[in-house]
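Quick note on labels: first sequence line is chain A, next is B, and so on, each numbered from 1. What you see below is based on every heavy atom in this structure, not just the backbone, and it leaves out hydrogens, waters and symmetry mates.
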Amino acid sequence: MLGSPMGLLGPCWVRWHCVRKSTPQCGSVVEEERRARANDREYNEKFQYASNCIKTSKYNILTFLPVNLFEQFQEVANTYFLFLLILQLIPQISSLSWFTTIVPLVLVLTITAVKDATDDYFRHKSDNQVNNRQSQVLINGILQQEQWMNVCVGDIIKLENNQFVAADLLLLSSSEPHGLCYIETAELDGETNMKVRQAIPVTSELGDISKLAKFDGEVICEPPNNKLDKFSGTLYWKENKFSLSNQNMLLRGCVLRNTEWCFGLVIFAGPDTKLMQNSGRTKFKRTSIDRLMNTLVLWIFGFLVCMGVILAIGNAIWEHEVGTRFQVYLPWDEAVDSAFFSGFLSFWSYIIILNTVVPISLYVSVEVIRLGHSYFINWDKKMFCMKKRTPAEARTTTLNEELGQVEYIFSDKTGTLTQNIMVFNKCSINGHSYGDVFDVLGHKAELGERPEPIDFSFNPLADKKFLFWDPSLLEAVKMGDPHTHEFFRLLSLCHTVMSEEKNEGELYYKAQSPDEGALVTAARNFGFVFRSRTPKTITVHEMGIAITYQLLAILDFNNIRKRMSVIVRNPEGKIRLYCKGADTLLLDRLHQSTHELLSATMDHLNEYAGEGLRTLVLAYKDLDDDYYEEWAERRLQASLAQDNREDRLASIYEEVESDMMLLGATAIEDKLQQGVPETIALLTLANIKIWVLTGDKQETAVNIGYSCKMLTDDMTEVFIVTGHTVLEVREELRKAREKMMDSSRAVGNGCSYQEKLSSSRLASVLDAVAGEYALVINGHSLAHALEADMELEFLETACACKAVICCRVTPLQKAQVVELVKKYKKAVTLAIGDGANDVSMIKTAHIGVGISGQEGIQAVLASDYSFSQFKFLQRLLLVHGRWSYLRMCKFLCYFFYKNFAFTMVHFWFGFFCGFSAQTVYDQYFITLYNIVYTSLPVLAMGVFDQDVPEQRSMEYPKLYEPGQLNLLFNKREFFICIAQGIYTSVLMFFIPYGVFSEATRDDGTQLADYQSFAVTVATSLVIVVSVQIGLDTGYWTAINHFFIWGSLAVYFAILFAMHSNGLFDMFPNQFRFVGNAQNTLAQPTVWLTIVLTTVVCIMPVVAFRFLRLNLKPDLSDTVRYTQLVRKKQKAQHRCMRRVGRTGSRRSGYAFSHQEGFGELIMSGKNMRLSSLALSSFTTRSSSSWIESLRRKKSDSASSPGGVAEKPLKG
Amino acid sequence: MKELPDHHLSRMPDNTAIKQQNLPAHQLYFSAKVVFSIFVGTGIFCLCMGVILLLSAKNTKKIEINYTKICANCAEFRENAFNFDKECNCSIAFYLPEKMEGNVYMYYKLYGFYQNLYRYSQSRSNNQLVGEDIKDVEDCAPFKVSHNGTPIAPCGAIANSMFNDTIVLSYKHTSSMSVKVPMLKNELTWWTDKYVKFQNPRFTDLSSKFVGSTKPPNWPKPIYDLDKSNPDNNGFLNDDFIVWMRTAAFPTFKKLYRRLYRIHYFTEGLPAGNYSFNISYNFPVTSFGGQKSVVLSTLTWCGGGCFFLGVAYTVTGALTWLASFVLMAIHLTWKRKKVTYQEQSHAL
């Protein structure tokens, strides 16, 4: 089970000459700055930095036993039982043998230890897997294959395309010109568009190994921290200082893309990397039932002490009144000198014999049930993803019932809701819409019933993976429709995509955003193949003919313009401007003459937007030479201006991008994962609130909000909070609240907002808001909203909204939002995500779900449950979660009931045995009652029970509500169970008492001997609790039958065995009940007593259940009833109403695009020198583009982003 | 699918009923029909049982005479510890108005004697009583050994406190002649007690079996001398001893003392008439506030004294019937509302 010793010891111990460094927490000095010198391990070892080995496991083979036992005894329950065990070893007070406690205790400890060991083994395995990944390290001037864990700070490592970055690196040089390299940061922040990193110029020349081996620069930088987009440091090399920023860093978790190789200097390794610093500490998660159970156990313990005190007082009085005089027959123990002391001892004795009200098997049974439920999740075929071949996995086994109580879901967007695949889906060209597929009858065909996609074989350069179904578009292209041609020409020209052609005809596009990639690929397949570009030209294969356009200008995209244009001169010498951009901005800049076309296109745009597609409008404009010359001159002037350069350029761009001719529109589908809108709709019906927290941009996030039906056009208003300062944010939130209040006041809920605030109760002032609202908040605003004085306002506002979308949030903010809801809403939260940026949120939420089957596994490793598609969430919650909750509640109710019924009999008996701590039952019965006689039927119920079939819980999402409201097991239910238990115990004692005090056996001998009484009570107890579990079991499978009847059979078998002559002959002192079973159970009186007790205990329960069914049936009862009644009829299921498809919403410019690429292209800096005509290399813009690119980056980082990642508490 | 490697397919969960949670099962539902039939059925059963039990209880005859205080000054006499070896006899005359037919059993009944105290009931050595090891007095505190250290046989508080009154029943056949009612002192115990749980040590001579042990402090005579009339009824196998050693569950209990030997006048049972108990009053009860009495009783099929059961069954039966009517009424009045509720819920 523990695997090989090596497995447990872990790779961290088998360290090669890297020195192990204590983690910052336990290190003696807090690191103030970090120094790392390249290629100088001896120097770096002095600082004892953490190695690149990560460790998420808790134990190794030596520490397992002590640490695990220590942890287990931190559990109150285990300590309590240890304490009891010690008490039982004192002969004066022990009326029970030590084995009644030690057997279950050892059982419990062993089971838990085995489970912990297994969990840890898997953690070791995954640690090993990550630590043993290979990377190439430059050692002594030679590149060597080395495992990740052996990489040290100061090492230079080589990365190749598509490799994960092993540690936080300072980029030194790369295969691309100017030390550029492209990375994908999805693991870190969820953004999938590529990002550019650049080495500082002095190091970018260190292209070959010999130069690198001589590199001995020293980096002095900030200590490890969790800020993903900030880095400050200085490189000292050859007596020069070079300042370093985040732009030069490659962080662990990123993936190198479109870059053949690069070299980097390790700055932070292992636990010090920003990724690991961001992952937060693993918290031990407890379910609310756990917490309730602990409270209840404390109450029961209090109750136990009360009973002990009552009985102790009784004992003292009895000893004083009767016991002293009874000393003729039973002198007091030598140690006992007074009735008072005797009472004191009897208190402890009663604590021991009544301890079964808190049975130790409770905890282990709960664990077993949860384990069973976890296996059901793992085994569920309906949560198995055929495409990715991944089953669902319950990675923690302790949270299952919490799945039935979820109220808030926090979801990541990219990779979770969406597949992160952009698909060119539809387009509108010259007022004609393409892309819809109609079946034979003329209906719009749905996915799955579509015919074959159209054949692009005419085009040798086509991308095989591109699929399009509407053949009419291809026909239009082949017919030579000029509009269509112009449309695709635009798509092939107006973009910042780079192409790469490794072999003839094998084109690879390096798109900076997937949207652009999709558009250019679409054009490529329809015969307008973007082939290559130079800073001054673009070569396009138009229907097989290579045409080279002269690229005159790129009017780049930015957040305000929300459009981009190119100005090209075609081979005929005509200058044309092509523009694509957000409809809202572009439509105002069109020429009057396009009015008619405009309205048709608008209709299409609305249609597309209603389907949740990302739309772009395409337009062109012819420019005459003179105008262009004049314009270009002005542009040059503007770009050289010292002040207000941006504004000047913007106005010049603005000027040329006017009076354009409309070409059409494109619709790109940000492909949602399968079934996302349906799942969200269903979960919403189940009263679960869904918040989307994404690192993506606002437009993208809102767009997805619409396409997955979180946001709808029916909503009264969508509030967008984008304030940059505290005051702005506060004002925006206040306005939003006021609007909601106004509307609800208008409905008649007239109570002023001020009044409510002054009452200072969070208690959902805004719960009764009329109308549906949604809130969209930006990361930088969220930073303010999460500050201590505003978080309540934010929460209140957000919770009043039906949908909440937070965009541009950092991983830490995600966790803070979750924490906020957890803190004030007392609701169960679930976080679902796929990337490393979701890890903190997954760990913070009550339940963390990771989407598996993606490239990164960080999220899955941190999660409690993992599966590969978002849609499985509905099944996880509505079926598995709901059942788990139901089963756990029924289990707990029954468990407390059966133990009170069992134990309280001792209490009543105390009044008839001089409070002498005499047990009612045989001690073997006491030992075995919980672990043998009554454990399996209730376990079977806890594992297998179902109230309604799984399909029903999907059909009636309202069935989920009892879990959220905590209806099935709460303090009230607990008291009902306890009351029932006590009622049973009263009857269990007094009916046999009444019978036995008079009756004799049928052969005249005494019936009322202690042993017969014990057997009678025990037998009727076992029968009553078995009948009760029979009533509680709603779903009688063969297993339930087997366990219930089996338990009864086992009871009688063990009873007869224990009372047999054989055992007595061997151990006369241990088996004192010899002959009891056959003598007692042969008596009709005894059986009549048992039957009477059973009837009296059970009938009221049946009556109450029946009454509740009649007077106050809950939904599940009704569903079950309907099912029973309509078994033959085919019930008409209410399918979920399909959410309306039409809408009037306008899409924004949905590019996940960055500005700056246009400049990059025009400067030619990112092109390989080989592919460039050297002659066209102009000196004018030598390296200014890099400067301006960097400046723009830092601007954008310091203004909005800078506020967002201001250090947030926590 | 076929070209995929096996390890991929192996991740696919099995399609078995148990793993997919669709085992064939029976759903429990409290439909009106089932509930009413349960209630009516149970009601009928309980009422019938109750009536039968009450009738049988009526047929049993029972007479109880409390002789704690009746026996002149014996009670006070016994409270004085110095008189432990002196006899105190008394005779109690009573009249039996109706004859007691069939087997008649004579019990002694103690009030307020706590045989169920934890330390008391543990204070015995089964090892010793089964004749294995006469010196095993491990569990017998506080009566393990005598003052001089010899192990006590039978040891322990239970044996030490054994009931030792002798009760003899006499029948005044005529005004002058009084006959001693013949009583059996065997078969007073369970078979398993007599033949399994209690065994004398394996020696031929009874008294030598107990060599090396001493009598319990309260006992006037040693264990092998309990029944002088019947040598087999001695040692640990003495019926009265075994009966006493089977400790009672409650502080008030009766234990079988003798059975009527149905010969001569008594073949039919005890005829009506004048009787008297001649009691040798040895067992002190007043010291701890207890009482003792002697009981004569006959039996029916369910043993003696099934009155409580009879009443309990009758009451339960009656309540069950009542409950079933109430439930029926509620069910019928609410049926309408339930239907409308369902319609609502279907509209969900």
Side-chain angles (χ1 to χ4, degrees), chain A residues 95 322 325-326 328-331 376 379-381 384 389 391 912-914 916-918 956 958 994-1002 1004-1010 1013 1034-1037 1061 1064 1068-1069 1072 1074-1075 1079 1084-1085 1088 1092 1095-1096 1099 1102-1103 1105-1106 1109-1111 1115 1118 1120 1124, chain B residues 8 11-13 15 19-21 23 25-30 35 38 42 105 114 116-121 126-127 130 142 157 161 188 190 192 196-197 246-250 253 255-256 259 287-289 299 302-309 312-313 316 320 323 327 330-331 334 342 345 348:
Chain A
S95 46
V322 187
R325 294 196 277 159
F326 199 67
V328 195
Y329 295 118
L330 187 69
F376 282 138
W379 284 335
D380 195 340
K381 252 179 95 120
F384 179 78
R389 308 267 147 195
F912 296 87
C913 67
S916 65
Q918 173 70 293
Y956 304 84
K958 284 277 173 236
V995 175
F996 275 47
S997 55
E998 269 307 305
T1000 55
R1001 293 164 57 91
D1002 55 5
T1005 55
Q1006 173 196 15
L1007 178 67
D1009 69 291
Y1010 167 73
F1013 179 71
Y1035 189 73
W1036 278 75
T1037 63
N1061 305 350
F1064 176 82
N1069 273 346
R1072 299 180 163 199
V1074 61
N1079 279 300
T1085 325
L1088 285 173
L1092 180 67
V1095 166
V1096 178
M1099 292 315 270
V1102 177
R1105 299 252 160 119
F1106 180 71
L1109 215 58
N1110 272 272
L1111 304 181
L1115 186 56
T1118 321
R1120 225 166 342 143
L1124 249 113
Chain B
H8 279 305
R11 303 191 67 186
M12 171 99 157
N15 191 15
K19 288 189 174 179
Q20 302 306 322
Q21 300 199 63
L23 284 171
H26 177 72
Q27 286 257 8
L28 210 62
Y29 188 82
F30 291 99
V35 170
I38 290 177
T42 316
Y105 298 84
Y114 285 81
N116 57 6
L117 293 180
Y118 176 71
R119 283 177 50 243
Y120 180 90
S121 63
N126 279 10
N127 236 347
V130 83
S161 59
L188 307 180
W190 296 358
T192 46
V196 181
K197 203 172 182 181
R246 180 153 286 281
T247 54
F250 305 110
F253 60 87
K255 283 176 185 283
L256 185 57
R259 302 185 294 131
S287 58
F288 58 90
L299 290 186
C302 63
C306 15
F307 182 71
F308 177 85
L309 259 185
Y313 263 107
T316 309
T320 311
L327 289 182
I330 292 174
H331 176 68
W334 281 76
Q342 270 161 20
S345 70
L348 272 178

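- Residue with the most contacts toward chain B among A:Gly1004, A:Gly1075, A:Ala1008: A:Gly1004 (heavy-atom pairs, distance under 4.5 Å).
- Interface remark: B:Phe308 contributes side-chain atoms only to the contact with chain A (heavy atom separation under 4.5 Å).
- Taking the six-membered ring for Trp, B:Phe288 and A:Tyr329 have ring centres closer than 6.0 Å.
- Ranked by non-hydrogen atom pairs under 4.5 Å with chain A, the options B:His26, B:Arg246, B:Lys19 are led by B:Lys19.
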Please assess A:Ser916 against B:Arg119 for the test side chain to side chain contact (heavy atoms under 4.5 Å, CB included), listing each intermediate value before the final yes or no.
CA-CA 8 Å; A:Ser916 65; B:Arg119 283 177 50 243; over 6 Å; no
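- With sequence neighbours excluded, no residue forms a side-chain hydrogen bond (donor to acceptor under 3.5 Å, both in side chains) with B:Thr320.
- Chain B forms more heavy-atom pairs under 4.5 Å with one residue of A:Cys913, A:Pro391, A:Ala917 than with any other, namely A:Cys913.
- Using modelled atom types, one finds no donor on one side chain facing an acceptor on the other under 3.5 Å when comparing A:Asn1061 with B:Thr192.
- Between the B:Gln20 side chain and the A:Trp379 main chain, a donor and an acceptor come within less than 3.5 Å of each other.
- Between atom CZ of residue A:Phe376 and atom CD of residue B:Gln21 there is a gap of 4.5 Å, rounded to the nearest 0.5 Å.
- Contact count versus chain A (heavy atoms, under 4.5 Å) is highest, among B:Ala323, B:Ala157, B:Ser287, for B:Ser287.
- Looking at A:Ala1103, the atoms closer than 4.5 Å to chain B (heavy atoms on both sides) sit in the backbone and in the side chain alike.
- Comparing A:Leu1092, A:Thr1005, A:Val1096 by heavy-atom pairs within less than 4.5 Å of chain B, the highest count is held by A:Leu1092.
- Residues that satisfy the ring pair (Phe, Tyr, Trp, His ring centres under 6.0 Å) test with B:Tyr313, not counting sequence neighbours, are absent from this structure.
- How far CG of A:Asp1002 is from SG of B:Cys302: 9.0 Å, rounded to the nearest 0.5 Å.
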With side chain to side chain contact (heavy atoms under 4.5 Å, CB included) as the test, would you mind laying out the steps for A:Arg1120 and B:Gln27 before giving the verdict?
CA-CA 9 Å; A:Arg1120 225 166 342 143; B:Gln27 286 257 8; 3.3 Å; yes
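- Side chain of A:Thr1037 to backbone of B:Ala25: no donor-acceptor contact under 3.5 angstrom is found.
- Ranked by non-hydrogen atom pairs under 4.5 Å with chain A, the options B:Leu188, B:Ile38, B:Leu327 are led by B:Leu327.
- Heavy atoms of A:Phe1013 lying under 4.5 Å from chain B belong exclusively to its side chain.
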Is there a side chain to side chain contact (heavy atoms under 4.5 Å, CB included) between A:Phe326 and B:Leu117? Walk through the geometry before answering.
CA-CA 11 Å; A:Phe326 199 67; B:Leu117 293 180; 3.9 Å; yes
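- Chain B forms the most heavy-atom pairs under 4.5 Å with one residue out of A:Asp1009, A:Val1095, A:Val995, A:Asp380, and that residue is A:Asp1009.
- For the set B:Ser161, B:Ala312, B:Ala248, B:Cys306, the entry with the most heavy-atom pairs within less than 4.5 Å of chain A is B:Ala248.
- A 6.0 Å sphere centred on CZ of B:Phe307 holds no more than 12 heavy atoms belonging to other residues, nucleotides or ligands.
- One N or O on the side chain of B:Asn126 and one on the backbone of A:Pro1068 form a donor-acceptor pair closer than 3.5 Å.
- Between A:Val1074 and B:Val196, the shortest heavy-atom distance links the atoms CG2-CG1, 4.0 Å.
- With respect to chain B, the highest number of heavy-atom pairs below 4.5 Å among A:Arg1105, A:Arg1001, A:Gln1006, A:Lys381 belongs to A:Lys381.
- Both the backbone and the side chain of B:Thr247 come within contact range of chain A, with heavy atoms under 4.5 Å apart.
- In this structure, B:Lys197 contributes its side chain and A:Phe1064 its backbone to no donor-acceptor pair below 3.5 Å.
- Considering only heavy-atom pairs separated by less than 4.5 Å from chain B, the leading option among A:Gly914, A:Pro331, A:Ser997 is A:Pro331.
- Using a 4.5 Å cut-off between heavy atoms, A:Tyr1035 contacts chain B through both its backbone and its side chain.
- In this structure the side chain of B:Tyr120 never reaches within 4.5 angstrom of the side chain of A:Gln918, judged on heavy atoms.
- Residue A:Leu1007: no heavy atom, backbone or side chain, is found under 4.5 Å from chain B.
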